[in-house]
Amino acid sequence: MALSPMMQQYTKIKEDYQDCILFFRLGDFYEMFFEDAKTASRELELTLTGKNCGLEERAPMCGVPFHSADTYIARLVEKGYKVAICEQTEDPSQAKGIVKREVIRIITPGTVISQNMLKETENNYIASFFSRHGRTGLAYCDVSTGEIYATEISRGEDADSFETLLNELVKIKAREILFNEDCTLDTEEVKRITEAYFNPLSADYYEERAVQDAVLRQFKVKALLGLGLEEESAALFALGAMLLYLHETQKNSLEHITWLHLYEMGTHMALDKATIKNLELTETLFEKKVQGSLLGVLDKTSTAMGGRRLKQWIREPLNNADEIQERLDAVEVLVDDLLLRNNLRENLKQIYDFERLSGRIACGSANGKDLIALRNSCFVLPEIKGDLEETDSALLKRLGREVRDLKEVYQLIDTAIVEDPPFTVKEGGLIKEGYSEELDDLKFSIRDAQNWIAQLENSERERTGIKNLKVGFNKVFGYFLEITKSYYDMIPDNYVRKQTLTNCERFITPELKEMENLVLNAEVKINQMEYELFTAVREEIQQHIREIQTTSAAVSALDVLACFAQVAQQNNYVKPQIDCGDEIQIEKGRHPVIEQTIRDGIFVSNDVWLDRKDCSMLLITGPNMAGKSTYMRQTALIVLMAQAGCFVPAETARIGIADRIFTRIGASDNLAQGQSTFFVEMSELAYILNASTEKSLIILDEIGRGTSTYDGLSIAWAAAEYLCNTKKQVRTLFATHYHEMTALEGKMKGVHNLNVDVAEENGNVVFLHKIVEGSASRSYGIHVARLAGVPELLLEQAEVKLKELEEGITAPDPNFSGTAPSKKAEAEALEEQQISFFGFAPNPVVERLRALDLMTLTPSEAFRILEELKAAAEE
Ligand code: ADP
Ligand code: MG
């Protein structure tokens, strides 16, 4: 037995797409067969059926209706499958034999463009890196908007380049990552950190000629130099391989990728994953919500493009003083000129996401509604341009010039497309009267017939006297006259019965049929003609894609600047002073998010003074819940906002630019990945100590908490020393519950003690959230426990115990407990404690602890060992 011809066609196509699930178009359905059918039915909960395929056994099959295919495709892609879409490429009614079919697109996580698979406010990047002999290059692209970037990460062996690559990938949140499969980097680590869909490419993609050609062809240039790309650079290979891959998956719809942004590493502040997460820049740490993040406070953008740009600006603040200054000056103009700002924001609201639209125009999937939206957006562009001509800001002026008025596009759509077109493009109703004479003539030729049909209901009611006679239309019978039961005795002679329903009968007349023929035949032609005219319009607009993209890039930047101005005014922010110095000086700084969400009471503002000479490390002690973490985060956020070009929540701020911000905050744990909290904490610390430079800003919050007291204290102590000495007094905010560390002030250059003020009223603790000079006297843990509702009896026990412990431990130095000790006494106390600790006689529990390798422990093992230790200790 042989496969049926259609299944032969299927298997032939499938051969080329082994790694994809093949969606095979059959009429109104996409069908899947064999293994694909089994996979898809399992993943999508579809019923698995069978199809007669010519063989003895039926082929496993399942299918989805074509009009709802997007959601199914989205689910498969989400689960990490590639989907190949195979369409009928000729009209079935014209086909001789089997209809021709071809794969028209392959959809992967990084290449989806359908609107309902994309998040409006989020770019969808596919990234590609190439690494060989120590050279590493990166390219990435949002296929839905046409933005494409490339950069050279490193030109030779260099230990930091892997981290740099990781940071870039994390920052852009690539959904899919391509790379040369022979690359020697730790790709497993890349996969773990980025959580992206991974796609190693074979050597075929990295053939020098092919790579160069792909790049030259895409950007329509004759020489690489024209793009600023060096021959044989790693960036070129990353970019070229990605273009080859995109051509393979997207086929011919990459016309909108026209403009390569070649960028230099180091022009932006590099933020690592932990910092982006910990500072809650674009989503909250635990609930992953925008509300409650910095983005949530700042996002007053008016367009979807602006929303995406804002996210980008927050994730990659600038570190070039001139560029920052330019943005700040633009924001200032918009803060001061209310009229300009309001006009701009009102106009921006009319602008549709034409950045994404350019992608749909390029691949020919834009419909009539899209074009009308584009026209409406173009309408406001001249006004935006005009408004910006006169401003005092160089950046606003430049962006104003970059906004094109797109008059031709506006005119074209305005004359060609009707005001309210349908979603479909093949069923007519798209083209305006007056645009095409031929079309108008055709429409006119049937106008009489259409009028006649339209009038028919009235005229027949009058003629027959049947008051509720109706004229209707359906696909099977065409036009008909409908008469209800009660009038059956009045049916005229010339009516021919066509269909009997429960309460009525349907008729036709020869004359009606004639008119119908005329109309329907003409309508097929009209629809075809409208479709052709529409595609011609769309292709014409394609010629303007570059202008549309320049415009949308300018519009999105304008949107963010206007948004910064709006937020600055609403939330009372000030323009920071930016310089290349080492100082960070903030007067009455506030936390931009907490000041908005705080429920009872007002936010207490605090000052910051950091410089690399005398005051490089602020060591902050104070009870739990006092506001240490808040103070440190707000400092980081203010620096970051300033460098993004945003005004800041403070009374005055002077920021010496930081090349990077690092944070190690709280007990974020990767337990799900089988790593202990302490291990994560230490690897983050190691990373910070290695990667920070003299220009960085470091936030360390409760380092060493995940291990025993002395262990933790020693690590924290050593980290502080390392930052002050080896790292040449890099600017650091260091909060710790190890009170002993305050002894560092005076001993080590640059260390300065701060603590958070607490008042005691009738034995109750009141947090004042005010940062003051000096070290904290007590930790107030028991008070905090009381606030949290721990039973009183337990608290009394705890107080007794605390007293015992304090007396016991600090016996060698009477100064240690109680009120603030002198610094010298404190340091001595510390030294003695360490000596006494390390001098303990061997004890089985301690020995066991010593032998443990914390790096390899899983949480459950740790718990089991803890149980055993406890049992041993009790003995
Ligand atoms: P710590 O790190 O010292 O334990 P946090 O910084 O986490 O304390 O602050 C605890 C809570 O105190 C915050 O969630 C916030 O509600 C409040 N808080 C902190 N700082 C301030 C402030 N400056 N003004 C008002 N409330 C504050
Ligand atoms: Mg804290």
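The basis for the numbers below is simple: all heavy atoms, side chains too, and nothing from hydrogens, waters or symmetry mates. Order of appearance sets the numbers: ligands from 1, and atoms from 1 within every ligand. None of the values given here were measured: they were computed from a predicted structure.
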Taking 4.0 angstrom as the limit and counting only heavy atoms of G627, give me the atoms of ligand 1 inside it, by number and element. 1 (P), 3 (O), 5 (P), 6 (O), 8 (O), 9 (O), 19 (C), 20 (N)
Atom 25 (C) of ligand 1: which of I771, I598, I594 has the nearest heavy atom? I598
Return yes when atom NZ of K728 has more than 12 non-hydrogen atoms of other residues, nucleotides or ligands closer than 6.0 Å, and no otherwise. no
Can you report which non-hydrogen protein atom sits closest to atom 4 (O) of ligand 1, along with the distance? M625 N, 2.6 Å
Look at S629 and state whether any of its N, O or S atoms is less than 2.8 Å from the Mg ion (ligand 2). yes
What is the distance from atom OG1 of T275 to atom CE of M269, rounded to the nearest 0.5 Å? 10.0 Å
Per-residue contact class, P623 against ligand 1 - non-hydrogen pairs under 4.0 Å: backbone
Just distances here: any N/O of K628 and N/O of ligand 1 closer than 3.5 Å? yes
If you measure from CZ on F734 to OG on S616, what distance do you get to the nearest 0.5 Å? 12.5 Å
Output yes when a protein non-hydrogen atom is found under 4.0 Å of atom 14 (O) of ligand 1, and no otherwise. no
Would you find more than 12 non-hydrogen atoms of other residues, nucleotides or ligands less than 6.0 Å from Q596 atom CD? yes
D659 and S696 side chains, donor-acceptor separation under 3.5 Å: yes
Specify side chain, backbone, both or neither for D701, according to which of its non-hydrogen atoms lie closer than 4.0 Å to ligand 1. neither
Output yes when the distance from some N or O of ligand 1 to some N or O of A626 is under 3.5 Å, and no in every other case. yes
Going by side-chain contact (heavy atoms from CB on, under 4.5 Å), M632 matches just one of I698, D701, L700. Which one? D701
Close-contact set for ligand 1 against V604 heavy atoms, below 4.0 Å: 22 (C), 23 (N), 24 (N), 25 (C)
Could you identify the single nearest non-hydrogen protein atom to atom 5 (P) of ligand 1 and state the distance to 0.1 Å? T630 OG1, 3.5 Å
Which heavy atom of the protein is the closest neighbour of atom 18 (N) of ligand 1, given with residue, atom name and distance? H769 CE1, 3.4 Å
Is D299 salt-bridged to K311, going by a charged N under 4.0 Å from an acidic O? no
Closer than 4.0 Å to some heavy atom of F603 - which atoms of ligand 1 meet that? 21 (C), 22 (C), 23 (N), 24 (N), 25 (C)
Hey, looking at atom 2 (O) of ligand 1, which of G589, S629, G622 has the closest heavy atom? S629
Distance only, no hydrogens: is a donor on one side chain within 3.5 Å (strictly under) of an acceptor on the other, for E163 and N167? no
Any donor-acceptor pair under 3.5 Å linking the side-chain atoms of N753 with those of T742? no
